[in-house]
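For reference, positions follow the sequence shown, starting with 1.
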Amino acid sequence: MQLLDDFLAYETENNLFDLKYKDVYFWEMLRVPLFNSIYFSDAFSNVHPDRHTKTIGAKLQFIKHIGSQMRYWFAKNTHTLLVHYAFIEKKVAGTTINPYIHFLKEDTTIDKSFFTCYDNNWPASTKDMNNALMELLCLPTRVLHKIGLKLKLLRLPALKKVVADINRQFGATLDANALLDQVVMFCAKYRVMERYYRHLLKNGQYKAIVIGCHYDLFNYALVAAAKTLGIPVIELQHGVIGKYHVAYHFADLNRVNRYLPDHVFFFGEYWQKTAKLLAGINGVSTGFPMMDDARQRYGDATPDEKTVIFYSTGLVGKELSQFAVRFADLAVKSNYKIIYKFHPSERLSWRQLYPWLLECKAITCDDSIEEVYSFLAKARHHVGVATMVLFEAIAFGRNAYVYRELQSDYMDDAVSGGYATGFHTAAELLSIIETSATGGTDPKAADYFYQANSRETILQELARIINKQPH
């Protein structure tokens with residue numbers, strides 16, 4: 001993608017990674033949502049919304065958890081591994097779990113503790129460490145930020161120049177004031193978070209940390225604190241890491257690593273080959289336990305040849321859902337059943353965002369937390385744009401179809417390699433489905449995307465890192 005190449009060259013040539021607000025280097029925190037804003041032609045303030053945008057009640061849910069977190073602040077218990085992850089729920093075989101770290105919860109070979117980051121969906125109670133106390137400590141920062149914004153005290157001339165350059169060079173419409181607002185808040189909260197994590201890490205005397213997604217303010221602060229203390233950080237792949245994913249691509253691979261993990265565990269060889277990691281970051285193909293479990297659980301399932309499932313994501317949901325309606329109008333005449341499955345970020349808002357789905361009687365909308373593998377098991381045909389589910393469909397031996405009219409560059413290799421099929425119109429998709437083969441994906445090809453025996457491999461790699469053994 002020329003846009004990405006140009007963007008990577010621009011940020012390197014202009015030394016954007018050296019941009020600071022007061023004492024915090026902020027470009028790393030900004031570049032992913034900013035690039036997505038350019039790529040998807042969306043307003044920056046909408047692409048990366050503030051975490052606290054709900055009602056006052058939702059904003060203050062964390063208060064009830066502050067007391068339980070005090071013991072972690074004062075306790076000095078030694079642990080081997082800290083597992084730090086965002087709150088995610090999926091229903092698997094009737095049990096609600098976090099699909100990315102459930103295997104670590106089950107493992108008993110490594111002593112570990114868990115830190116869960118919540119947004120506005122706080123549970124009634126939790127035994128794990130969480131961000132409640134940190135949210136409290138950030139409140140004064142938020143108040144001062146709002147005052148500074150109101151009085152127009154926030155100044156960062158270098159950022160305004162960068163925004164003007166990017167808008168001119170890339171044809172973007174970035175809002176300099178919205179970016180300034182985000183950067184100042186990022187930096188202010190980052191200072192609080194980094195000190196908080198540094199204290200917890202010292203108390204726990206951890207030998208390693210596992211995270212799920214490094215390009216998140218929580219994890220930027222955690223990784224920086226870990227680097228200060230010399231604790232290695234391992235990122236578990238959580239989604240698509242294509243050759244166009246800006247979070248895993250840089251023009252200068254030898255620059256200073258301030259906020260990135262030391263190791264990345266990939267789902268399979270395909271992803272490891274695709275990412276362009278900074279020098280010093282160790283990438284290893286380890287697999288994905290959830291996929292291993294699903295292939296074993298649903299290995300004998302017979303998919304319905306007349307069911308077509310669409311998989312939405314927030315950045316393309318509007319256009320894809322409108323296309324799904326057009327497709328349903330054609331496919332229903334051939335007795336196809338159409339399901340539209342929402343991304344977790346759309347579950348509570350799709351009725352307001354995509355009202356036309358409510359009006360289309362030929363589409364069944366699904367906003368449940370049911371694991372995606374149960375959908376892969378029951379249907380032959382799976383449709384999306386640039387979503388991990390399509391790769392999972394390939395690994396599951398199902399047929400994957402890519403809507404090429406939207407930003408589907410992440411799927412280029414899958415389409416050109418014959419793993420998935422691209423299409424442009426509703427009539428073309430229906431024709432492809434009606435003439436498609438039913439053999440599915442070759443097992444060797446499936447393992448190329450998702451390495452088998454993931455549990456054993458991940459635990460072995462973690463033990464090697466903890467014990468400081470060479471790879």
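In terms of modelled atom types and a separation under 3.5 Å, the side chain of Asn453 and the main chain of Glu456 share no donor-acceptor contact. No donor-acceptor pair under 3.5 Å is formed between the side chain of Asn130 and the backbone N or O of Thr116. When atom types are taken as modelled, the side chain of His238 and the backbone of Gly212 share a donor-acceptor pair closer than 3.5 angstrom. Proximity of a side-chain donor or acceptor of Arg198 to a complementary backbone N or O of Ala225 within less than 3.5 Å is not detected. A donor-acceptor pair is defined here as one N or O able to donate and one able to accept, closer than 3.5 Å; such a pair exists between the side chain of Asp366 and the backbone of Ser368. Distance alone, capped at 3.5 Å, places no donor-acceptor pair between the His65 side chain and the Asn131 backbone. The backbone N or O of Phe396 sits nowhere less than 3.5 Å from a side-chain atom of Arg295 that would complete a donor-acceptor pair. Between the side chain of Asp262 and the main chain of Val233, a donor-acceptor pair closer than 3.5 Å is present. At distances below 3.5 Å, not a single donor-acceptor pair connects side-chain atoms of Asn15 with backbone N or O atoms of Asp18. Side chain of Asn167 to backbone of Leu174: a donor-acceptor contact under 3.5 angstrom is found.
Pairing each heavy atom of Arg351 with each of Arg347, the nearest pair is NH1-O, 4.4 Å. Across all their heavy atoms, Cys138 and Lys189 have their closest contact at SG-CE, 4.2 Å. Pairing each heavy atom of Ile309 with each of Thr307, the nearest pair is CG1-CG2, 4.0 Å. Contact record, Glu28 with Arg255: OE1-NH2, 2.6 Å, taken as the closest heavy-atom pair. Between Pro344 and Lys90, the shortest heavy-atom contact is CG-NZ, 3.7 Å. Here the closest non-hydrogen pair linking Met193 and Ala221 is CB-CB, 3.5 Å.
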Show your working on side chain to side chain contact (heavy atoms under 4.5 Å, CB included) between Phe17 and Tyr25 and close with a plain yes or no. CA-CA 7 Å; Phe17 289 98; Tyr25 293 93; over 6 Å; no
Side chain to side chain contact (heavy atoms under 4.5 Å, CB included) between Met291 and Phe449, worked out: CA-CA 11 Å; Met291 174 58 78; Phe449 293 102; over 6 Å; no
Applying ring-ring contact (aromatic ring centres under 6.0 Å, His included) to Phe115 and Tyr197, what does each step give before you reach the verdict? CA-CA 11 Å; Phe115 190 110; Tyr197 282 126; 5.5 Å; yes
Would you please test Phe114 and Ile101 for side chain to side chain contact (heavy atoms under 4.5 Å, CB included) and show each step? CA-CA 10 Å; Phe114 294 82; Ile101 62 168; 4.1 Å; yes
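Ring-plane geometry between His245 and Tyr215 is classed as perpendicular, the angle between the planes exceeding 60 degrees on a 0 to 90 degree scale with a lower cut at 30. Ring-plane geometry between Phe170 and Tyr10 is classed as perpendicular, the angle between the planes exceeding 60 degrees on a 0 to 90 degree scale with a lower cut at 30. Using cut-offs of 30° and 60° for the angle between ring planes, the Phe267 and Tyr450 rings count as parallel. Between Trp271 and Phe391, the ring-plane angle classifies as perpendicular under the 30° and 60° cut-offs.
A cation-pi contact, defined as under 6.0 Å to the ring centre and within 45° of the axis, links Lys378 to Phe375.
Just one of His343, Lys341, His382 meets the side chain to side chain donor-acceptor pair (under 3.5 Å) condition when paired with Tyr311; it is His382.
Within a 6.0 Å radius of NZ in Lys112, more than 12 heavy atoms belonging to other residues, nucleotides or ligands are found. Counting non-hydrogen atoms of other residues, nucleotides and ligands closer than 6.0 Å to NZ of Lys160 gives a total of 12 or fewer. Residue Gln296 places its CD atom among 12 or fewer non-hydrogen atoms of other residues, nucleotides or ligands, all under 6.0 Å distant.
Side-chain atoms of Arg31 and Leu16, non-hydrogen and from C-beta on, never get closer than 4.5 Å to each other. Taking the side chain as every heavy atom from C-beta outward, Lys227 and Arg258 never approach each other to under 4.5 Å. Between Arg297 and Val92 there is a side-chain heavy-atom pair separated by less than 4.5 Å. Put simply, the side chain of Leu34 reaches to within 4.5 Å of the side chain of Trp27, judged on heavy atoms. Using a 4.5 Å heavy-atom threshold, the side chains of Thr126 and Tyr118 count as touching. Contact check for Arg142 versus Met185: side-chain heavy atoms found under the 4.5 Å cut-off. A 4.5 Å side-chain heavy-atom check between Asp413 and Tyr270 finds at least one atom pair inside the cut-off. At least one side-chain heavy atom of Leu201 sits less than 4.5 Å from a side-chain heavy atom of Ile209.
Electrostatic pairing of Arg455 and Asp107 does not count as a salt bridge here, judged by no charged N lying under 4.0 Å from a carboxylate O. A salt bridge is absent between Asp111 and Lys207; no separation between the charged side-chain nitrogens and carboxylate oxygens falls under 4.0 Å.
Side-chain contact annotation: Ser113 with Tyr206, donor-acceptor N/O pair under 3.5 Å present. For Gln237 and Tyr248, the side-chain atoms include no donor-acceptor pair closer than 3.5 Å. Tyr403 and Glu319 share no side-chain donor-acceptor pair at under 3.5 Å. Glu461 and Thr286 share no donor-acceptor pair across their side chains, judged by distance under 3.5 Å alone. A donor-acceptor contact closer than 3.5 angstrom links the side chains of Glu371 and Tyr298.
We find the CD1-CD1 distance between Ile88 and Ile97 to be 11.0 Å, quoted to the nearest 0.5 Å. Rounding to the nearest 0.5 Å places OG of Ser345 at 11.5 Å from CG of Asp119. A distance of 11.0 Å separates CG in Leu357 from OG1 in Thr364, rounded to the nearest 0.5 Å. In this structure, CD1 on Ile166 lies 8.5 Å from CG on Asn14, to the nearest 0.5 angstrom. A distance of 4.5 Å separates OG in Ser312 from OH in Tyr354, rounded to the nearest 0.5 Å. Here CG of Leu159 is found 5.0 Å from CZ of Phe26. Values are rounded to the nearest 0.5 Å.
Outside the 6.0 Å centre-distance limit, the rings of Tyr190 and Tyr21 are not counted as a close aromatic pair. When ring centroids are compared, Phe35 and Phe7 come within the 6.0 Å threshold. You'll find the ring centres of Tyr196 and Trp73 inside the 6.0 Å limit.
For the salt bridge (charged side-chain N to carboxylate O under 4.0 Å, His left out) test, no residue two or more places apart in sequence or in another chain qualifies with Asp181. Taking Lys105 as the reference, Asp128 meet the salt bridge (charged side-chain N to carboxylate O under 4.0 Å, His left out) condition, with sequence neighbours excluded.
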